[in-house]
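Here the structure comes first, spelled out in structure tokens, and everything after it is commentary.
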Amino acid sequence: MKSFRYVYIFAFVLLLSWSCREDFEYTPKFGTLSFSRDTVFLDTIFTNLGSATFGLKVYNTSTEDILIPNISLKNGESSNYRLNVDGQDGKSFTDVPLRGKDSLFVYIETTVANLEPSQKQLLYTDEIMFGSNGNFQKVALVTLIKNAIFLYPPSDNPTQEISISTITGTVTLPGFYLNDEELNFTNNLPYVIYGYAAVPANKTLTINAGARVFFHENSGIILDDGASLIINGELSEESTALEKEIIFQGDKLGESNEAIPGQWDALWIPENAGSVTINYLTLKNATTGIRIEGRGNNNTSKAILNNSQIVNSANTNLLAIDTGITCTNTIFGAAGNNSIGVYGGNYLFNHCTIANYYNGGFRTNPALFISNFIKTDLGANRLYGLDNLILTNSIIDGSLDVEIAFDQDTSANFNYKLDHCSLKYNESIDNPLYNFNNTDSYEAITLNPAIDYLDAFLFKYYPTTASEDILNVSTTNSNTVPTDLFGKDRTMNTNLGATQFVPTTN
């Protein structure tokens, strides 16, 4: 028995020694490689801004352990691409081992310096070469580089802050004031903003049709006392290109970032700012899309908002505090909190779609929230009288059973009316605020309609059928806006919401 014990011990030691070996014989060979893709398309980026990191997997299809003689970029050290091969950074690697039937990772990034001022964009390419002595396997690299106008704090004070008076007190934000030469955004090149770009007191920022404005993390636009904003978008001929519409979004480009909320902060119109006019704006992926405070010197509209789409905010698409807004043909889509949050003021919404199908996380708050106070840190209510809020020919919808909520302090005005609207409300509650038979507050309400959108979770809130549920409109109000958000005639078979129905095709 003792001899068998020695045999077992010898076998175990032999097995252990083989399992710990690191001196495998590698054959210099590379033709048996295969790749997870033959071309790596990196996201579109702006000049001087680094791309995301993209991965390429390299497979050894043979059973032999091989050495890849060289992995390098075709353009060598002058290439604007950077590689990481199995944890090592560089642009060229020699004798890279790869076990039989195993794989390794190559990670790719790029940054491209400024283009010529006349160049709006450039398709930048290179290749990763695997092999040596003229015998190579290749993987193409492709990146679209866009030129841009960069707006940011002065280089000698990159952490500069600005102080702005708001309805809840003075706020201090990282940012800078636009100078007079920067107060007209054109459509020649896109704009990339770092920090808050502040419109100086009593000045006006005008944004021309077709302009594209991209915001870095924790960035936005804010108006100082008496400053005004004019967003002059126009109806586009191409519904996908939106060549005349104005677009606000984060500066992380590419399809992978299209549906990520909270990439930048807000368009902020404080209490003492001047008037705001917005036409044909698409604003997406902010934290709070548009924040409007205060009514200025009168009790009517401080802001006019038409033919726009405010979607996919991490918090709220439109936060309105004791202000005045007239709004038509506008979509307020997905948001992590409310699509619209109203706290006092004077409002008219006509032919709007308020539809919260948020897929960026768990949501508990309704699409539309209406209140006449904000609770302070000390627990008291800061009152903002709701003088009047009228919604006509509009849709209030979303993925929750209840998509409208009221919160009233009886010490202040609380006047509202929903006129010819569809409303998602699947709840029984003994509260006069939700008495849909009360004609002082509700008229011709359609409860819980089944609306077939083109794709609500991809921000396409366009009904595909003109069902009876959404045809119950007030013609008096629809006649004031005879075309919808996309310029489609709505004088015949008019439906509720910002857009006329779009029939699907088989």
Side-chain angles (χ1 to χ4, degrees), residues 43-45 49 51-54 192-193 196 212-221 240 242 245-268 281-292 305 308-320 327 330-343 352-370 394-405 424-426 451-464 485 497-499:
D43 280 343
T44 300
I45 61 171
L49 290 183
S51 71
T53 301
F54 287 78
V192 182
I193 295 177
Y196 269 89
R212 302 292 189 258
V213 186
F214 298 85
F215 297 87
H216 197 62
E217 185 180 6
N218 301 320
S219 299
I221 291 177
T240 53
L242 299 176
E245 190 162 333
I246 292 167
I247 299 178
F248 286 6
Q249 66 180 86
D251 66 353
K252 296 178 180 178
L253 306 183
E255 291 184 8
S256 60
N257 296 304
E258 280 297 312
I260 299 176
Q263 295 182 37
W264 58 286
D265 275 8
L267 170 57
W268 194 342
L281 168 69
T282 290
L283 187 158
K284 57 186 178 181
N285 302 337
T287 299
T288 297
I290 303 178
R291 174 173 175 150
I292 305 179
L305 175 59
S308 296
Q309 301 181 71
I310 319 297
V311 301
N312 205 37
S313 298
N315 191 355
T316 303
N317 289 318
L318 174 63
L319 176 60
C327 180
T330 294
I331 292 173
F332 299 93
N337 191 356
N338 312 115
S339 291
I340 297 179
V342 167
Y343 299 85
C352 291
T353 298
I354 306 166
N356 197 346
Y357 288 87
Y358 185 67
N359 57 7
F362 184 67
R363 175 176 72 95
T364 59
N365 294 314
L368 177 60
F369 179 74
I370 302 169
S394 295
I395 293 172
I396 300 101
D397 192 23
S399 54
L400 301 181
D401 287 335
V402 173
E403 291 292 3
I404 188 169
K424 181 82 170 288
Y425 193 88
N426 282 302
I451 303 175
D452 292 323
Y453 299 102
L454 188 60
D455 195 330
F457 289 101
L458 291 179
F459 321 130
K460 298 178 181 180
Y461 309 97
Y462 328 136
T464 57
L485 168 60
T499 62

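Every heavy atom of this structure was used, including side-chain atoms; hydrogens, water molecules and symmetry mates were not. Just so we're clear, the structure is a prediction, and the values are computed from it rather than from any experiment.
F54 approaches A52 most closely through the heavy-atom pair CD1-O, 3.4 Å. Nearest heavy-atom pair across P366 and A405 is CG-CB, 3.5 Å. In terms of heavy-atom proximity, A498 sits nearest to I331 at CB-CG1, 3.9 Å. Contact detail for F459 and Q309: the closest heavy-atom pair is O-OE1, 4.3 Å. Here the closest heavy-atom approach between residue E245 and residue L281 is recorded as OE2-C, 3.7 Å. G250 and F214 get closest at one heavy-atom pair: O-CD2, 3.3 Å.
Of the inter-residue distances, the one linking I310 atom CD1 with L305 atom CG reads 5.5 Å to the nearest 0.5 angstrom. With rounding to the nearest 0.5 Å, the separation of CG in L283 from CZ in F248 is 6.5 Å. Atoms CD1 and CD1, on I396 and I340 in that order, are 8.5 Å from each other to the nearest 0.5 Å. If you take NZ on K460 and OG1 on T499, they are separated by 13.0 Å, rounding to the nearest 0.5 Å. To the nearest 0.5 angstrom, S339 atom OG is 11.0 Å from Y358 atom OH. Rounding to the nearest 0.5 angstrom, the gap separating the OG1 atom in T316 from the CZ atom in F332 is 12.0 Å.
If you check the side chains of N285 and N312, you find a donor sitting under 3.5 Å from an acceptor. Under the 3.5 Å distance criterion, with hydrogens and angles disregarded, no donor-acceptor pair is assigned to the side chains of D455 and Y462.
Side-chain contact between N317 and K284 is absent, with no heavy atoms from C-beta onward closer than 4.5 Å. For the pair I354/I395, no side-chain contact is recorded, criterion being any heavy-atom separation below 4.5 Å from C-beta on. When side chains are defined from C-beta on, D43 counts as touching N257, because their heavy atoms get closer than 4.5 Å. Residues I221 and W264 have side chains not in contact (no heavy-atom distance under 4.5 Å, counting atoms from C-beta outward). Contact check for I292 versus L318: side-chain heavy atoms found under the 4.5 Å cut-off. The closest side-chain heavy-atom distance from H216 to Q263 is not below 4.5 Å. Side-chain contact between T330 and L485 is absent, with no heavy atoms from C-beta onward closer than 4.5 Å. Proximity of N356 to Y461: side-chain heavy atoms (C-beta onward) are nowhere separated by under 4.5 Å.
Ring geometry for F369 versus Y343: interplanar angle of 30 to 60°, hence tilted.
Here the options are D265, N338, T288, the test is side chain to side chain contact (heavy atoms under 4.5 Å, CB included), and the partner is N315; only T288 passes.
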Any chance you could lay out the side chain to side chain contact (heavy atoms under 4.5 Å, CB included) test for D397 and I451, step after step, and finish with the verdict?
-> CA-CA 9 Å; D397 192 23; I451 303 175; 4.1 Å; yes
Dump the intermediate steps for salt bridge (charged side-chain N to carboxylate O under 4.0 Å, His left out) on K252 and E217, then the final yes or no.
-> CA-CA 9 Å; K252 296 178 180 178; E217 185 180 6; 5.5 Å; no
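In summary, E403 and R363 engage in a salt bridge, as defined by a charged side-chain N under 4.0 Å from a carboxylate O.
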